[in-house]
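In what follows, a single structure is set out as structure tokens and then discussed.
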Amino acid sequence: MKSEITIKMARCKGCGICVAFCPKQVLALDELGKVHVKNGEACIACGQCELRCPDYAIFVDKKVAK
Amino acid sequence: MKSEITIKMARCKGCGICVAFCPKQVLALDELGKVHVKNGEACIACGQCELRCPDYAIFVDKKVAK
Amino acid sequence: MERSYEKYFRQNRLPHLWCPGCGNGIAMKAIVQAIEKKGLSQDNTVIVSGIGCSSRASGYMDFDTLHTAHGRAIPFATGIKLANPELNVIVITGDGDCTAIGGNHFIHGCRRNIDLTVVLFNNNIYGMTGGQASPMTPLGKKATTAPYGSIDRTFDAARLAEAAGATYVARSTAYHVQHLTDMIVQGLDNQGFSFIEAMVQCPTAYGRKNKMGSAADMMKDMQESAVMKAAWDKLAADKKEHKFPIGVLYKEDGLDYATAYEAVIETAGGKNK
Amino acid sequence: MERSYEKYFRQNRLPHLWCPGCGNGIAMKAIVQAIEKKGLSQDNTVIVSGIGCSSRASGYMDFDTLHTAHGRAIPFATGIKLANPELNVIVITGDGDCTAIGGNHFIHGCRRNIDLTVVLFNNNIYGMTGGQASPMTPLGKKATTAPYGSIDRTFDAARLAEAAGATYVARSTAYHVQHLTDMIVQGLDNQGFSFIEAMVQCPTAYGRKNKMGSAADMMKDMQESAVMKAAWDKLAADKKEHKFPIGVLYKEDGLDYATAYEAVIETAGGKNK
Amino acid sequence: MRKQLRLSGSGGQGVITAAIIFAEAAVKEGKEAVQSQSYGPEARGGASKSEVIIDDAPIYHPHVQQPDLVLALTQKAAEKYYGDLHEDGILVLDEDLVPEPPKFKNTIRIPITKLAVEQVGKSLFANIVALGALVRITGLVDFETIKSSVAKRVPPHTVEKNMQALQVGWDAAGKAVK
Amino acid sequence: MRKQLRLSGSGGQGVITAAIIFAEAAVKEGKEAVQSQSYGPEARGGASKSEVIIDDAPIYHPHVQQPDLVLALTQKAAEKYYGDLHEDGILVLDEDLVPEPPKFKNTIRIPITKLAVEQVGKSLFANIVALGALVRITGLVDFETIKSSVAKRVPPHTVEKNMQALQVGWDAAGKAVK
Amino acid sequence: MTEARLMQGNEACAEGAIAAGVSFFGGYPITPSTEIAEGMAKMLPAIGGKFVQMEDEIASMGVVLGASLAGKKALTASSGPGISLKQELIGYAACAEIPVVIVNVQRVGPSTGQPTAPSQGDVMQARWGTHGDHPMIALSPWSVREAYDAAVMAVNYSERFRTPVILLMDEIIGHLREKVVLPEAKDIKIYPRRKPACSRAEGYQPYTPDKDLVPNVANFGEGYHIHVTGLIHDETGFPVGSPKITEEAIDRLHQKIEIARDEITHTEEYFMDDAEYAVIAFGGTARTAYEAVKNARAKGQKVGMVRLMTIWPFADKIVKALAAKVKGILVAELNYGQLVHEVERAVAGKCDVQLCAKYNMEIFEPQEIESGIDKLCAGGKD
Amino acid sequence: MTEARLMQGNEACAEGAIAAGVSFFGGYPITPSTEIAEGMAKMLPAIGGKFVQMEDEIASMGVVLGASLAGKKALTASSGPGISLKQELIGYAACAEIPVVIVNVQRVGPSTGQPTAPSQGDVMQARWGTHGDHPMIALSPWSVREAYDAAVMAVNYSERFRTPVILLMDEIIGHLREKVVLPEAKDIKIYPRRKPACSRAEGYQPYTPDKDLVPNVANFGEGYHIHVTGLIHDETGFPVGSPKITEEAIDRLHQKIEIARDEITHTEEYFMDDAEYAVIAFGGTARTAYEAVKNARAKGQKVGMVRLMTIWPFADKIVKALAAKVKGILVAELNYGQLVHEVERAVAGKCDVQLCAKYNMEIFEPQEIESGIDKLCAGGKD
Ligand SMILES: Cc1ncc(C[n+]2csc(CCOP(=O)(O)OP(=O)(O)O)c2C)c(N)n1
Ligand SMILES: Cc1ncc(C[n+]2csc(CCOP(=O)(O)OP(=O)(O)O)c2C)c(N)n1
Ligand code: SF4
Ligand code: SF4
Ligand code: SF4
Ligand code: SF4
């Protein structure tokens, strides 16, 4: 996993924008209509989800090699 | 005199526009501030005075040879 | 010497109340002459005005006439036209009436392309109230509310009309009275929002304060500053200062609002009422 | 993962009340990021908005904020700027707020070139009141007050701003969020009236009624329709349909109103108070 | 006899539509009915409630004073709106979206939204599923009447799905009250 | 002792300015003074009148009730405004512009406008010529006081001409009342 | 009789207006009046009428006045802030005598206030909102069916008196849905547009009053060449600066409605036969007041209710008569206390007047008005 | 003491406002208020203040409210139609508690009316012109000197109560020139802009009321990050949809002025010592009423005058006390009858109330009020 994905659940409204713009199908919505990380391994930390999330609910940070 | 100049005195406010635009100095204002024909002979019936009179007070008609 | 256009005036209301030398009278004559040229019937032509010296014109013209509130002529006129599209609706307005308090209605009238012919008597000042600055008072000029010279940039109402959607935009001056008549005739020809800016002199509230001489002097200024559109387009930028273009400034084809509405009625299954 | 821009939000008021997928949140973030880029102090930046979904933004932003009446943000903002020219004044408005009821203030703000940065969240509809047509609802689209499809021609707000006198005019979209931020930064750079149109999706009141799919679908439409200004200028006319230019659309130098006023005070012999 | 119903949920869940259809069905059956709603101060989101009063006599005061039934489709709505429920009244809850049901004697829990998604295909139909359930639970209007009322209110191409939703709700209520 | 003056003419003739200056001079001399005017309903043109009341005691009702003096610079103004003049009052008329003077005992005719044109150079100064005449006729304020009041009110570059106008009026009144 | 329907107050208002002959609507959306515009947008084109959404509420007033002058019956609708913006042109309509109906679906103010919440806080504004002197007609329905009837009546009064009429709804009724049975078209009385009584040649003057003091102003486009202005004008329609004409003009504006006052002041009485106390209420609040009075009667209190459907002109006579009859009056209104001023004025000390006011964004509960009644019966002491 | 000057009412108003600390004016010209704008355009820049001419009256209200929020004392002025247009934002100022003074130099309405002629026809509009519930302060000067003082007072009240104040002038005073002696600057009491009592860190909330129920709202740019809205809000300034907060908010708006009511209700009595009848008048009309009362006294009639300088809040107490003392009250006003309604309400039948109204575009003559007095003394019979 190249990245750390943080989700502020209280903010997420499940609009699906992050899901739609993720080039690697990392994200999905659950039944309660909130986003979750379905396939974290595939994340390339492009940040498209964070960029367009209208609710500032999802954040992607590059994992810093320790 | 090539023309007939008619003045509706009740309308004339003596603004002097006709006087200023007359190319032949036919017209002048009197003391009471109304226009009068000072030199009718010079009139060439160009109609400049009538054209721009804001009060529709002066009219020039070409004299029709009888 | 009876002039045929006299029949378009309410004779019992003349002489009008405008000041000696005021350009409004010239512009008003241009309108009735345009009406005469177009042969519009007095019975189905309506004159609508706002409030201002210029807007007094409606009272002098022998049609159904409507002297509305300051700035509101265009909405009233829109209601008249939509209610009865058979009527020819002409709006007379001032630079303050049209572009200050009435600015929003002006641009929305343009946007809708409602079939009105709007003639703006632009005297660069609020005449009626005694000489306050208008949105069309040139920079640096004095007005009672601009005693140190105006710093408010001006509208180019014609440019604004075009950007807002008017389909016919023209300008002329009280000096160029025949040309002005022609501009109005073409405005009446256009089925859509037609805007004609008529530059007029206000010797009382504007000219005097700005030492511009007599009414005739002010008209001579117009003569000097106005440049026909075709010539204007060729004029070098540095030659354009203190000058302005006259003529048809913009023209396009576009469906007018009342006609466009017919489609709505059709879709809704209604019949024109 | 704390983001530095979070400090510009009133955390206790988040999550905001906008619908799931509403583009307003994206545009609001673009504004705070522009503020951060410019390094504007939170203490001397004021956010002014009108009334509408978009205008709710002022409540979420941690500055002095002012939620005015529908359409009136620009006059209030003008008063703030003139009273205290040290303040950075940013206006957030909607397409209805700015170009319908607020249209006159909008063009007059442009004309005066008062130093405001006005960001119009254009969702093509009245969101707040549940989906009535705005002056920027495209022809043929449905709205609750245009059940048969809109016949009202639309404003090009950017073109209007330019014609009215704005000295900086730009457009971007919620899809192009970084570009949008950049457009706002440049707007803040300009000392004068800066206008930025931000296209945003309203999936609730506009998208649903017009079968435009999800919020993401609406953003993809933006991606497809928006063309960078440079490319736009080269685009063949027939290729322009359903597309629109984004980027800096107009820019000029011009004295802003508050600065111009200094000269008045000087002439009058006063000192700035 | 007066019956007072309160339907609650969050903004987009369609409780107002459900209430309107209910009231319409009652009118169709010759009863007096009033329906009202209140929005939160927020334009969007927030809790939303809609009330229906059904009676044989004219109805004056238009709001529910003590509901005989409260439907809540979210936790927030349940907490906010069940308080004044008549002690013999019925509380109907979405089983999944009200995970912590208030303690009330007469509570019926139905997985309304889940049923809408799973059996009708979209959470959008939750309100009609709920309506089907309410019709059965209250017995105030005929199932046939509600069907025709629904058919009149919804977009034509969704009528079939909505009929299905009604039936799903009706059946679920049958199971739940058993 | 109360004195009531009415100055009338047409729109641009400056009777309001004259009245203001008169009142100002009275104030300078320590008197109470009020000045008011009324415009016709017309924006422009039409008759215009301005009134001045001068007294030693406070002045309440602000309009002239019965003038002691009426000045009229046009025929129309004369007809419209002289009616309620006190029988012992004075009617001052522009000799040329009021060609048909109303029949009133105490009438003074002065060619005010003509004097302004001929002796001061412009009809614009008619109001100040009239003022000079009124000061002499009424004796209510000092000629020196009026001079300084005029100097204060008019544009600086016109002060000289205006002083001349005052004098012309003063002299003409002297001749007329002789 | 038509079939029973579940109908919303705003919807009923729109349908009522159309039934009365309205074929033109100009407006600008605002909660809680928007459904009227939306209904008109849908219904008008279907009958060949026209709906136009204007740029703001001022333009909305302008466009309906224009349409009315061109011969169409016209309606506009708004709430709170929008009604405030319309004031100048409401005055224009009064002065130029242009028939028009303005619906105000009241919400909580001042300013943006609580936009979705019910209120009756615009009662005094309806009478005094614009500058200068002119009378006003305002009607306030208490049911969905009456919203329909009041819309018909408002249109009729605007035409009959050539005056703006305010349909003073509240959110309670505007958004309420209830069972209604509408009248059949043939049973609806419509006041037609007044027509000139003579031709131009016969000396027609647009503002010459008819016997009922109302002028028969011609529509534009009928060949009369009339002039319409917001300046004070004489019978010709042209402005005059004469004191006499000014007084006459303002007098007539008031008198044309004053002489019909009794006829247009609609009120209803409930439980009043032997009442010693009365509740005065109107609009949506009257429904709750009715319930409260019924409950009070059940408790043995001798109280009745007078419901005002016509708010303006105020029911002076009726309230005066009431004051002579009862010991006390309770005015229940959903505001800080507005109509109560008029009641106090009319009562002129003849009986006790108390106020039951509520302005917390919720409607009254019957119990609240019942406590008011208890206090009233106790002579103001509790 | 300063030198005596001949000064116009409108001029005095402008100078008074500046003396009270006004440094910002936004306006739009309209007769008969224009001289105020013109005076401000000239004077303000000379003291480093700002004058801006806006596109209309609505923008004028907006710009002064913005300037006030940014810390400047601000004034606007208008008449008739312009005042009607300002109503929405007057309500905004009341709700958001923004200090501002609106001068209304009244002219004859309705609508365009008689634009150059005097009237007092906007008395009720001043109180009830905007939608929703909020109180209003309105002052009406009767002399040029008092126009100056009233301007100072209006600015002070607007600052002290954080509320819009209407300076309800009339054309009579606005255009009158008379001798005045202005107070010296050092003798003018100025109420300074209220300041936050604590810092942000200490939990500052902009709408927390001070002891006098008025909040100390910070100016923009002082680092408080406040939020200002026209929605009903709590002490934080943010909107809340709670019935309790709504009620409290509306209550406080009224109460902050109510508790100071006696102090701000300025009235004067003339010839009242042994009076059996009284004339109530205000503004320019009071001057004529004074003359009439003096004449009546000379004729032996036991009549006095009560002049209201504060029109709103209405002088309830004073009028009630008056009613207990005299046999009859004559209300003289230059309109169709407006303030008389309030007088009747307050009097509540305790004495006779008669109206002396004039609305023909001319001011009263003393004789007209004297006839009114004759009728009053004859018990309404003549
Ligand atoms: C609502 C309103 N505001 C202000 C006025 C005052 N007013 C009358 S005409 C006018 C401006 C006139 O200027 P313009 O429109 O340029 O016309 P002009 O008199 O110069 O022809 C103003 C401000 C008014 N009548 N109504
Ligand atoms: C004077 C006035 N008129 C109407 C309204 C009702 N209203 C509130 S927001 C709005 C339009 C919102 O549309 P827009 O400005 O495009 O913003 P959006 O909600 O789409 O972001 C309207 C009509 C109001 N609050 N005030
Ligand atoms: S974009 Fe944001 S709000 Fe939307 S689903 Fe993703 S995380 Fe949630
Ligand atoms: S232009 Fe007309 S009004 Fe002017 S002086 Fe000549 S005739 Fe008279
Ligand atoms: S003031 Fe100016 S615009 Fe008005 S009538 Fe006089 S010259 Fe014409
Ligand atoms: S209605 Fe539209 S604009 Fe408003 S919050 Fe919802 S998505 Fe956003």
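FYI, side chains are in, hydrogens and waters are out, and symmetry mates aren't considered; it's all heavy atoms of this structure. Computed from a predicted model, the values in this text were never measured in an experiment. Convention: sequence-line order gives letters A, B, ...; per-chain numbering from 1.
- In this structure, G/Glu344 pairs ionically with H/Arg345, as a charged nitrogen and a carboxylate oxygen lie closer than 4.0 Å.
- Top candidate by heavy-atom pairs under 4.5 Å with chain G, chosen from H/Gly113, H/Ala117, H/Ala249, H/Ala94, is H/Gly113.
- Remark: H/Arg252 engages H/Glu97 in a salt bridge, criterion side-chain N to carboxylate O under 4.0 Å.
- Neither the backbone nor the side chain of G/Ser119 has a heavy atom closer than 4.5 Å to any heavy atom of chain H.
- Looking only at heavy-atom pairs under 4.5 Å with chain H, the residue among G/Pro243, G/Gly132, G/Gly121, G/Ala96 that has the most is G/Pro243.
- Ring centroids of H/Phe238 and H/His233 are separated by 6.0 Å or more, keeping the two rings apart.
- Here H/Met124 is the residue among H/Glu248, H/Met124, H/Gln87 with the most heavy-atom pairs under 4.5 Å with chain G.
- Side-chain contact between H/Tyr28 and H/Thr76 is absent, with no heavy atoms from C-beta onward closer than 4.5 Å.
- A distance-only check finds a donor-acceptor pair linking the side chain of H/Lys256 to the backbone of H/Phe161 [under 3.5 Å].
- The part of G/Leu253 that comes within reach of chain H is its side chain, from C-beta onward, which places non-hydrogen atoms under 4.5 angstrom from that chain.
- When H/Lys86, H/Gln120, H/His254 are compared by the number of non-hydrogen pairs under 4.5 Å with chain G, H/His254 comes out ahead.
- Residue contact with chain H, scored on non-hydrogen atoms closer than 4.5 Å, is absent for G/Asn104.
- Per-residue counts of heavy-atom pairs under 4.5 Å with chain H were compared for G/Lys358, G/Arg127, G/His341; the largest is that of G/His341.
- Using a cutoff of 4.0 Å between basic side-chain nitrogens and carboxylate oxygens, H/Asp316 and H/Arg261 are scored as salt-bridged.
- The most heavy-atom pairs under 4.5 Å with chain H, out of G/Gly349, G/Gly129, G/Gly109, come from G/Gly129.
- Contact count versus chain G (heavy atoms, under 4.5 Å) is highest, among H/Glu342, H/His134, H/Lys350, H/Gln338, for H/Gln338.
- The candidate from H/Gly91, H/Ala126, H/Pro239, H/Gly230 with the greatest count of non-hydrogen atom pairs under 4.5 Å with chain G is H/Gly230.
- Residue with the most contacts toward chain G among H/Val343, H/Val353, H/Asp251, H/Ile58: H/Asp251 (heavy-atom pairs, distance under 4.5 Å).
- Between the NZ atom of H/Lys244 and the CG atom of H/Asp234 there is a distance of 10.0 Å, given to the nearest 0.5 Å.
- Interface remark: G/Leu89 contributes no atoms to any contact with chain H (heavy atom separation under 4.5 Å).
- G/Gln114 places no side-chain N or O within donor-acceptor distance of the main-chain N or O of G/Met361, the cut-off being under 3.5 Å.
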